[in-house]
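Here is the structure we will look at, set down as structure tokens.
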Amino acid sequence: QVQLVESGGGSVQSGGSLRLSCVASGYTYGRRCMAWFRQVPGKERTEITVTDTSGATWYASSVKGRFTISQDTAKSTVYLQANSLKPEDTAMYYCAFLENCAVYRGGAYYERSGLVYWGQGTQVTVSS
């Protein structure tokens with residue numbers, strides 16, 4: 001069973017930055033992606049960035065150019081560097097492990113076909 005433990009959430013003023021971390025365990029080094037999603041009350045959980053085993057990355061248009069996903073394989077950790085934060089970025093952020101997943105066409109899109117494992121979520125609040 002894949003387990004994900006997140007940290008780094010908190011409150012920040014508009015224009016500030018946060019660095020979220022997600023430590024993964026219980027996985028094999030197969031075809032998979034790590035991803036970050038976010039969700040606000042009353043709305044669906046949506047992906048904001050995905051990275052696969054090759055290091056290819058996909059970003060939602062709402063965060064592209066401001067957020068960066070990266071991996072430290074030695075530490076089994078994925079990061080989300082969130083810069084130039086806006087009040088609209090306020091949400092619960094979730095780390096996810098996507099089975100049988102890859103990013104294609106230089107980050108144009110990604111595909112998965114397998115289970116999704118979730119972290120517990122960490123709150124990000126951006127004030128104006």
Side-chain angles (χ1 to χ4, degrees):
Q1 180 182 359
V2 177
Q3 293 185 334
L4 307 171
V5 180
E6 299 159 309
S7 62
S11 298
V12 65
Q13 64 185 22
S14 182
S17 298
L18 286 172
R19 182 175 171 85
L20 309 184
S21 300
C22 173
V23 180
S25 63
Y27 64 93
T28 59
Y29 295 91
R31 179 180 172 89
R32 59 92 183 120
C33 300
M34 297 296 297
W36 290 94
F37 288 64
R38 65 186 182 187
Q39 185 175 31
V40 298
K43 302 292 184 179
E44 67 176 342
R45 189 175 299 181
T46 59
E47 67 269 47
I48 55 174
T49 182
V50 177
T51 186
D52 67 17
T53 55
S54 77
T57 55
W58 174 93
Y59 294 92
S61 60
S62 59
V63 305
K64 195 168 187 177
R66 299 188 297 122
F67 290 15
T68 303
I69 188 170
S70 61
Q71 298 181 76
D72 184 337
T73 56
K75 296 181 178 180
S76 297
T77 301
V78 63
Y79 302 95
L80 181 67
Q81 181 66 45
N83 297 327
S84 301
L85 284 162
K86 308 173 182 179
E88 309 93 270
D89 295 317
T90 295
M92 185 71 74
Y93 283 69
Y94 296 90
C95 179
F97 180 100
L98 313 178
E99 289 187 339
N100 199 24
C101 173
V103 177
Y104 298 96
R105 295 198 66 189
Y109 67 95
Y110 76 95
E111 293 184 347
R112 68 167 185 86
S113 59
L115 297 177
V116 179
Y117 299 88
W118 299 100
Q120 78 283 359
T122 184
Q123 179 69 36
V124 171
T125 302
V126 185
S127 62
S128 59

**Request:** Could you tell me the separation between the CD atom of Q81 and the CZ atom of F67, rounded to the nearest 0.5 Å?
**Result:** 9.5 Å

**Message:** Just to verify, what does S113 make a side-chain hydrogen bond (donor to acceptor under 3.5 Å, both in side chains) with, not counting sequence neighbours?
**Reply:** N100

**Message:** Nearest 0.5 angstrom please: L85 CG to T125 OG1, how far?
**Reply:** 10.5 Å

**Prompt:** Got a sec, which hydrophobics cluster with V50, joining ILVMFWY side chains under 4.5 Å apart, including via others?
**Reply:** F37, W58, M92, Y94, L98, V103, Y110, V116, W118

**Residues clustering with Y104 (ILVMFWY side chains joined when closer than 4.5 Å, directly or via others)** = Y109

**Asked** To the nearest 0.5 Å, how far apart are CD in Q39 and OG1 in T46?
**Response** 8.0 Å

**Asked** If only atom types and distance count, is the side chain of Q3 paired as donor or acceptor with the main-chain N or O of S25 below 3.5 Å?
**Response** no

**Nearest non-hydrogen partners of L4 and A24, listed with the distance** = CD2-CB, 3.6 Å

**Asked** Are the side chains of V124 and R38 in touch, meaning some heavy atoms are under 4.5 Å apart?
**Response** no

**Same apolar cluster: Y79 and Y93, side chain cutoff 4.5 Å** = no

**Request:** Report the residues that fulfil side-chain hydrogen bond (donor to acceptor under 3.5 Å, both in side chains) with T73, sequence neighbours left out, ordered by chain and then residue number.
**Result:** none

**Request:** Without swapping roles, check the side chain of Y59 against the backbone of R66 for a donor-acceptor pair under 3.5 Å.
**Result:** no

**Asked** Any donor-acceptor pair under 3.5 Å linking the side chain of R112 with the backbone of G114?
**Response** yes

**Prompt:** With hydrophobic residues grouped by side-chain heavy-atom distances under 4.5 Å, do Y117 and V78 end up in a single group?
**Reply:** yes

**Fill in**
For G10 and L18, the nearest pair of non-hydrogen atoms, with its separation, is O-CD1, 4.0 Å

**Message:** According to a hydrophobic-cluster definition based on side-chain heavy atoms being under 4.5 Å apart (Ile, Leu, Val, Met, Phe, Trp, Tyr only), do M34 and V2 belong together?
**Reply:** yes

**Asked** With sequence neighbours left out, which residue pairs that include part of residues 6-18 fulfil the side chain to side chain donor-acceptor pair (under 3.5 Å) condition?
**Response** S17-N83

**Complete:** Value for OG1 (T57) from CD (Q71), rounded to nearest 0.5 Å, stands at 10.0 Å

**Pairs where residues 19-67 contributes a residue and the test disulfide (SG to SG under 2.5 Å) is met, not counting sequence neighbours** = C22-C95, C33-C101

**Item:** Contact summary for A91 and V40, nearest pair of heavy atoms
**Value:** CB-CG1, 3.7 Å

**Message:** With a 3.5 Å distance limit and no angle check, can you tell me whether T90 reaches the backbone of V126 through a side-chain donor-acceptor pair?
**Reply:** yes

